[in-house]
Amino acid sequence: MKSEPDTFSIDDLYNRPERTEPWDGVRNYQARNMMRDSMKLGDWVFFYHSNCSEPGIVGIMEVIKEGYPDITAFDPDDKHFDPKSDLNQPRWYRVDVRYIRHLSRTISLKELKDKTELADLALVKRGNRLSIMPISQWQWDFILALA
DNA sequence: GCCAACGTTGGC
DNA sequence: GCCAACGTTGGC
């Protein structure tokens, strides 16, 4: 899962009550589908810092609540308000995540791109702007071993 | 700040 | 259903 550290960093997550945060404001259907359908209680997730001086994976968090309607879509004062999201048929979903730990160092995007073993990782594929992407167990283990 | 690579919108 | 225009993402 990506986040811009200027907006919400892994340190921000660490400092939240219960070190927990609803991952709201996502307004992309593919990312929505993953939160609504694929991410399961207890799943571990890499926290990725995007749009910053050193983009890369910085830590690990855990899904502590599976997909449920993102109520920020119903709030006209919210930055991510979507008038087309119906209360009875919500368009957007979110999951809750909890901080697990920082990695011992940032695994930079550059380093991930340089590993031929990770050629199939969605994150390093050209033009991929999705803020939530799948990862295989094998890829997960490989990346963790780099830290 | 630039710009490539998207995703969305809306006229037709 | 097509596609041009527009907005956003995010690396660099």
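Below, read A as the first sequence line, B as the second, and so on, with proteins coming before strands; counting in each chain starts at 1.
- The hydrophobic cluster around A:Tyr29 extends to A:Trp92, counting ILVMFWY residues whose side-chain heavy atoms fall within less than 4.5 Å of a member.
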**Request:** Quick one, give me the B/S/- string for nucleotides 3-11 of chain C, reading 5' to 3', where B means a protein heavy atom under 4.0 Å from the base and S means that only happens at the primed atoms, P, OP1 or OP2.
**Result:** ----BBBBB
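- Identified under the ring pair (Phe, Tyr, Trp, His ring centres under 6.0 Å) test for residues 106-126 of chain A, with sequence neighbours left out: none.
- At the heavy-atom level, A:Lys110 lies nowhere under 4.0 Å from the strands shown.
- For A:Arg94, the salt bridge (Lys or Arg N to Asp or Glu O under 4.0 Å) partners two or more places apart in sequence, or in a different chain, are A:Asp24, A:Asp70.
- Residues meeting the side chain to side chain contact (heavy atoms under 4.5 Å, CB included) test with A:Lys115, sequence neighbours left out: A:Glu111, A:Glu117, A:Leu118, A:Phe142, A:Leu146.
- With a 4.5 Å cut-off between side-chain heavy atoms of Ile, Leu, Val, Met, Phe, Trp and Tyr, the cluster of A:Phe74 takes in A:Ile71, A:Leu87.
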